[in-house]
2 protein chains.
Amino acid sequence: MSETKKDTSIKFVQCVASCSIALNLFLALNLYLGSSGKVINNQLSWSRLAAEEAELAASMDCSGHGRAYLDGFPIDGKPVCECNLCYGGPDCSEFSPDCPANASGGDPLFLEQFWREHAADSGILVAGWHRMSYSFSDQTYISQQLDAHIRKLHNVVGNAVTDGKFLVFGAGSTQLLYAAVHALSLPPDNTSSSSSPAQVVASIPYYALYEMQTDFFDSRESNFQGDAAILINNSDVTTNIIEFVTSPNNPDGQLNKPLLKGSNVKTIYDRAYFWPHFTAIPNPPAHEDLTIFTISKLTGHAGSRFGWALIKDERVYERMTRYMQLNSMGVSRDTQLRALKLLKVVLDGGGREIFKFGYEKMKKRWERLTNTLSLSNRFSLQKVSSQDCAFFRTPREPTPAYAWVKCEREDDEDCFEVMKSANIIGRAGAVFRADNHYVRLSLIRGDDDFDILINNLHKLVSEEGGVSETM
Amino acid sequence: MSETKKDTSIKFVQCVASCSIALNLFLALNLYLGSSGKVINNQLSWSRLAAEEAELAASMDCSGHGRAYLDGFPIDGKPVCECNLCYGGPDCSEFSPDCPANASGGDPLFLEQFWREHAADSGILVAGWHRMSYSFSDQTYISQQLDAHIRKLHNVVGNAVTDGKFLVFGAGSTQLLYAAVHALSLPPDNTSSSSSPAQVVASIPYYALYEMQTDFFDSRESNFQGDAAILINNSDVTTNIIEFVTSPNNPDGQLNKPLLKGSNVKTIYDRAYFWPHFTAIPNPPAHEDLTIFTISKLTGHAGSRFGWALIKDERVYERMTRYMQLNSMGVSRDTQLRALKLLKVVLDGGGREIFKFGYEKMKKRWERLTNTLSLSNRFSLQKVSSQDCAFFRTPREPTPAYAWVKCEREDDEDCFEVMKSANIIGRAGAVFRADNHYVRLSLIRGDDDFDILINNLHKLVSEEGGVSETM
C-alpha cells in the first residue's frame with residue numbers, strides 16, 4: 001500500500017467511524033426520547049404489550065367496511081375484521097347487492113371517523129389495578145373529574161345550566177329515565193303509600209322505552225297512561241303526573257315543550273339529542289328541574305353506556321342516587337374513565353371540532369335525503385323550523401337524527417311495509433304510538449348503512465314513475 | 001508517523017468503525033423490534049400517548065400507602081396520590097395513629113398487589129372508536145369471547161357446571177340479583193297478574209341488599225318476607241316463594257343450602273364468594289337453576305361492576321335478558337373488554353396463580369386474626385368446617401371473606417359499639433337481621449386497613465386483662 005493510499009484509507013475509515021458514531025448517538029437518543037420526541041425517563045415498560053395489542057387490532061385491513069376489535073374472536077392469534085352490514089369476507093370487501101338497508105336502530109356510528117382521526121388523544125390505557133374499589137376516595141360512585149368536565153361541557157355548548165344542580169350518573173340515559181320515574185313517583189313524604197300511583201305520560205309520537213320500562217318494572221308507585229294530550233283538561237290534582245318531554249324529540253326531531261302544568265305535574269326532560277350535531281341550541285340554555293343527557297348521541301359511544309341527570313331538587317337527587325346504588329352500585333369506573341377521556345377531546349378547542357364534524361356530516365346526509373325524496377310525491381319528511389344557534393352563533397337548518405317519513409297515499413297504510421318491500425328496514429310509526437302511515441329512518445348510522453339507504457330510497461322513488469335513474 | 005504506527009492506527013480505527021457499526025445494528029434492531037423482543041412493523045404510534053399517561057400515573061411514589069389514578073384530579077399536570085385510609089400527605093407517608101380501622105365494607109383490595117405484579121398482562125388500551133355500537137355484531141349485548149372465558153373459568157375451578165346453561169351479564173351481581181327476583185316473580189304464563197306477589201326470603205343472617213332491593217323497587221309481583229325459616233312449615237303452595245341462598249354466606253362464610261322446597265319455591269344462588277380464595281370448592285360442582293357470580297370478589301375489581309348469571313331455564317333467561325335491556329341496555333362494552341382481559345390473566349396457568357395468591361393472603365390474615373382473638377374470652381369467631389377442595393386437590397381450612405364476631409358477654413348487647421369504642425368500624429349484626437351481639441369485620445380490604453384492624457383488635461383484647469402487649 002502506498003503512503004497516499006494508506007492516508008486516504010485512514011481518512012475513509014475515520015470518516016466511516018465518525019459517521020457511525022454519530023448514527024449511534026442518533027439511534028440511542030431516538031430510543032431514549034421515544035417517537036413522540038418528549039423526553040421520558042424510560043422506554044414504555046409494562047404498558048407496551050397492551051399498546052401493541054391495540055395497534056395490531058387497529059392495523060387490520062377491513063377495506064373501510066369494518067374494523068377489528070381487541071375483544072373479537074381471534075383467528076391464528078390475530079384480530080378479525082367485523083364487517084359492516086351488507087359487507088363480508090375476511091377483509092370486508094365483499095358487498096351483497098341485495099342486502100337490505102338497516103335504518104332501524106340509532107347506532108351513532110356517524111361519529112366513528114372522528115374518533116379514528118383523534119386516535120392519539122382519545123385512547124386510554126387501563127392498568128390492571130385501576131380503581132378496584134367500590135367507591136372513589138370521596139366515598140361516592142361518581143368521578144369528580146368527570147362531574148367537572150360535564151359541567152364545563154354544558155357551559156361551552158350553552159345547552160343547559162348546571163350551576164346549583166346535582167349530578168347523577170347512569171348506564172346511558174336508559175337507567176336514568178326509569179330512576180327518574182321511580183324518584184318522582186314516590187309520595188313527597190315517603191310514607192303515604194296509600195296514595196294512587198303516579199300517571200306517566202308522553203306526547204305521541206314518543207320513544208317506546210318510557211312505556212316499556214314503566215310497564216315492565218311494574219312498580220306500585222307508577223302506571224303508564226299513554227299520550228300526554230289526554231290529561232290536558234284533567235281536573236284531578238291529587239294524582240301525581242310525570243310527563244316525559246323529549247327535546248329534540250325521538251322520532252321527529254321537534255323541540256318539544258311540556259303539555260301539562262300544575263302542582264301535581266313533574267317533568268322529565270330527555271335531552272339525548274340536544275347537541276349541535278342535530279339541532280340549533282336556543283338561548284337561554286335549558287334550566288329545568290330534571291334533565292337527562294347521554295354520551296350515546298353526543299360522542300357516539302352508545303356501547304359505553306354512560307349518561308347523566310341534572311337535578312335541581314336535593315330530595316330527587318338523593319332518591320335517584322339511592323336508585324343507582326341499589327340497582328347497580330353506580331356506573332362502572334372503567335366507563336367513567338373512558339367518558340372522561342372522550343369529553344376531554346370534545347372540549348379541546350371549545351368543542352368546535354366534534355360539533356362541526358357532526359353537523360357537517362348530518363347536513364350532507366340531510367341534503368342527500370331531501371334531494372332523493374324531492375323527486376317523490378309519495379313520501380314526505382317532517383318540517384322542523386330553523387333557529388338561531390347559540391353555539392355556532394349563526395342560524396342553521398335543523399339536522400335531526402331521524403327522518404320521520406310519512407307515506408302520503410291513503411292506501412299506504414303501513415309505511416314500514418312499503419319501505420320493507422323496497423329493501424329498507426325502518427321503525428314503524430306504531431312503535432312510537434303514531435299512525436302507521438309514518439316510519440322512522442335512522443340517519444346517524446355508519447356511512448355504509450346510510451349509502452345503502454339512499455340507494456334503496458332512490459330506487460323506490462324512481463319507481464313512482466318518470467323519475468331519472470341518476471342520483 | 002512511522003509505518004508500524006500508521007498500520008496500528010488503521011487497525012484501531014477499523015476496529016472502532018466495525019464496533020460502531022455493530023452497535024448501530026444493535027440499536028437499530030432494538031428500535032425496530034421494540035423492548036418486548038417481538039417484531040413489530042413500526043414503533044408505537046397513536047397508542048403511545050395513552051401508554052405514557054398510564055405509566056406516569058403508575059410511577060407516582062405514594063409510599064406504598066396509596067396510588068395515583070389516571071382520572072384523579074391532577075396538580076401541575078401530574079397525577080396525585082390517593083392515600084389509603086389513615087394515611088395522608090402528598091406521598092401518603094403521613095400516618096394518623098388515632099385513625100379508626102375500617103373493617104366495614106367489602107372492598108376487595110387484598111388482590112391489588114396481584115394485579116400490580118401482573119401489570120404487563122392485565123393492562124388494556126381502549127381505542128377511541130372501540131365498540132361504539134349498542135350491540136355486538138351478533139346483535140346481542142354480550143361479548144361471546146367473554147362468555148367463552150367465563151365457561152372456561154368455571155370448568156378450570158370446578159365450582160359450577162355451565163354446559164347447557166344460558167349466561168346473562170350484569171353490573172356486578174347487584175343488578176342481576178334483582179333481575180332474578182323480577183324474572184322469577186312473574187307468573188308462569190305472564191298473564192295472571194291477579195295472582196298474589198311472590199314472597200322473597202333469605203336465611204338470617206343475610207346480605208342486606210336482597211331486602212333493600214325488593215322493598216325499594218316495590219314491584220307489584222314481589223314482597224320481601226324476611227327469614228326463610230318462617231316459611232318452612234308453610235302449607236300454602238299457591239304463592240310463589242323466592243329463596244336467596246348465599247353460599248358461602250355473607251356475613252358468616254357458611255356453605256348455605258336452601259331451607260325451602262316445593263313446586264312453588266324458586267332458589268337464587270348468590271355465589272359471589274364461591275372461589276378458592278375463600279372456601280374449599282366441593283365436588284361435584286354447583287349445578288343449579290339460577291346462580292349468580294361476580295368478578296368483585298374473584299379478581300377484586302368491584303369498581304368495574306361486572307357479574308353474570310348461569311341460568312338453566314330458557315324463559316327465565318329471556319326475562320332476565322329483557323330486564324337487562326330495559327334497565328341499562330346491557331353491560332358497558334368497556335367493562336366487558338376489561339373483564340375479558342382480567343379473566344385471561346386468571347386463566348393463565350390454569351388459575352393456580354391468582355387463587356394461590358388469594359388463598360395464601362387470606363390464610364395469613366386468618367392466622368393473624370385467630371392469634372389475636374385466641375387471647376380473648378370476650379370475642380369468638382364463627383366456626384366453618386374444613387373440606388376437601390376440588391381445585392387445590394387438598395383439604396384446606398376455610399378462609400372466609402369476613403369474620404363474624406360474637407361478643408360473648410351478655411351485657412355487650414351492641415358488639416358494633418364495643419368495636420367502635422376500640423376504634424374499629426365493623427358492620428352491625430342487625431344489618432344482617434341478626435342479633436347485635438354479632439358484628440361483621442371485613443378481611444378482604446387492603447393491607448393497611450387489615451394491619452390497623454389487627455393492631456386495634458390487639459389493643460382491645462389486651463385490655464381484657466393479663467394479656468401480653470406483644471403481637
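Remember, it's a predicted structure, so these values are computed and weren't measured experimentally.
Proximity to chain A (any heavy atom under 4.5 Å) is shown, for B:Tyr134, by both the backbone and the side chain. Interface residue B:Ser222: only backbone heavy atoms are found under 4.5 Å from chain A. For A:Gln144, the parts sitting under 4.5 Å from any heavy atom of chain B are the backbone and the side chain alike. For chain A, no part of B:Val345 is nearby; none of its heavy atoms comes within less than 4.5 Å. Contacts between A:Ala148 and chain B at a heavy-atom distance below 4.5 Å involve the side chain alone, from C-beta outward. Within the 4.5 angstrom heavy-atom criterion, no atom of A:Ser173 approaches chain B. Of the atoms belonging to B:Ile124, heavy atoms from both backbone and side chain fall under 4.5 Å from chain A. Contacts of A:Ala127 with chain B are made by backbone atoms alone, with heavy-atom separations under 4.5 Å and no side-chain atom involved. Neither the backbone nor the side chain of B:Leu177 comes within contact range of chain A, judged by heavy atoms closer than 4.5 Å. The contact between A:Leu111 and chain B is made by backbone and side chain atoms together, counting heavy-atom distances below 4.5 Å. Heavy atoms closer than 4.5 Å to chain B are found nowhere in A:Ser185, neither backbone nor side chain. Both the backbone and the side chain of B:Tyr323 come within contact range of chain A, with heavy atoms under 4.5 Å apart. Both the backbone and the side chain of A:Arg322 come within contact range of chain B, with heavy atoms under 4.5 Å apart. In this structure, chain A has a heavy atom under 4.5 Å from the backbone of B:Thr299, while its side chain stays farther away. Contacts of A:Leu337 with chain B are made by both backbone and side-chain atoms, with heavy-atom separations under 4.5 Å.
Here the straight-line distance linking atom OH of B:Tyr69 with atom CD of A:Gln145 works out to 14.5 Å at 0.5 Å rounding. In this structure, A:Ser137 OG and B:Leu85 CG are separated by 9.5 Å, a value rounded to the nearest 0.5 Å. Taken from CG in A:Asp334 to CD in B:Gln336, the straight-line distance is 11.5 Å, to the nearest 0.5 Å.
Here the side chains of A:Met212 and B:Gln325 are not in contact, with every heavy-atom distance at 4.5 Å or above. Here the side chains of A:Ser122 and B:Trp46 are not in contact, with every heavy-atom distance at 4.5 Å or above. Put simply, the side chain of A:Thr335 reaches to within 4.5 Å of the side chain of B:Thr335, judged on heavy atoms. Side-chain contact between B:Leu44 and A:Leu44 is present, with at least one heavy-atom pair separated by less than 4.5 Å. Between A:Tyr178 and B:Leu326 there is no side-chain heavy-atom pair separated by less than 4.5 Å.
A donor-acceptor pair is defined here as one N or O able to donate and one able to accept, closer than 3.5 Å; no such pair exists between the side chain of B:His130 and the backbone of A:Gly123. No donor-acceptor distance shorter than 3.5 angstrom exists from the side chain of A:Gln175 to the backbone of B:Ser328, with no hydrogens or angles considered. The backbone N or O of A:Leu125 lies less than 3.5 Å from no partner atom in the side chain of B:Glu53, so there is not a single donor-acceptor pair. Remark: side-chain polar atoms of A:Ser332 are paired, donor with acceptor, to backbone N or O of B:Ser304 under 3.5 angstrom. At distances below 3.5 Å, at least one donor-acceptor pair connects side-chain atoms of B:Arg338 with backbone N or O atoms of A:Gly128.
Taking the side chain to side chain donor-acceptor pair (under 3.5 Å) definition, one finds that B:Ser296 meets it with B:Thr294, sequence neighbours left out.
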List the steps, then state whether side-chain contact (heavy atoms from CB on, under 4.5 Å) holds for B:Glu55 with A:Gln43.
-> CA-CA 10 Å; B:Glu55 292 215 2; A:Gln43 277 298 296; over 6 Å; no

May I have the step-by-step check of side-chain contact (heavy atoms from CB on, under 4.5 Å) for A:Phe114 and B:Trp129, ending in yes or no?
-> CA-CA 9 Å; A:Phe114 177 85; B:Trp129 61 90; over 6 Å; no

List the steps and the verdict of side-chain hydrogen bond (donor to acceptor under 3.5 Å, both in side chains) for B:Ser219 and A:Asp218.
-> CA-CA 5 Å; B:Ser219 159; A:Asp218 201 17; 5.0 Å; no

From CA spacing to verdict: side-chain contact (heavy atoms from CB on, under 4.5 Å), A:Leu49, B:Asp121 | CA-CA 7 Å; A:Leu49 191 60; B:Asp121 299 329; 3.9 Å; yes

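Interface check for chain A: of the options B:Ser59, B:Gly172, B:Ala58, the most heavy-atom pairs under 4.5 Å are formed by B:Ala58. Across B:Arg445, B:Glu112, B:Arg220, the residue that shares the most heavy-atom pairs under 4.5 angstrom with chain A is B:Arg220. By number of non-hydrogen pairs under 4.5 angstrom with chain A, the leading residue of B:Leu146, B:Leu109, B:Val126 is B:Val126. In terms of heavy-atom pairs under 4.5 angstrom with chain B, the leader among A:Gln213, A:Gln113, A:Arg333, A:Arg67 is A:Arg333. Of the listed residues (A:His118, A:His301, A:Lys341), the one with the most heavy-atom contacts under 4.5 Å to chain B is A:His301. Of all the listed residues (B:Asn223, B:Leu56, B:Leu342), the one sharing the greatest number of non-hydrogen pairs under 4.5 Å with chain A is B:Asn223. No other option in A:Gly106, A:Ala120, A:Gly307 has as many heavy-atom pairs under 4.5 Å with chain B as A:Ala120.
Look at B:Glu82 and A:Arg131 and you find a salt bridge, because one of the NZ, NE, NH1 or NH2 atoms lies within 4.0 Å of a carboxylate O, short of that distance.
A side-chain donor from one of A:Asp107 and B:Ser133 sits under 3.5 Å from a side-chain acceptor of the other.
Sorted by first and then second residue, the ring pair (Phe, Tyr, Trp, His ring centres under 6.0 Å) pairs with a member in residues 324-346 of chain A form an empty list; sequence neighbours excluded.
Between B:Phe216 and A:His182, the angle of the ring planes lies from 30° to 60°, which puts this pair in the tilted group.
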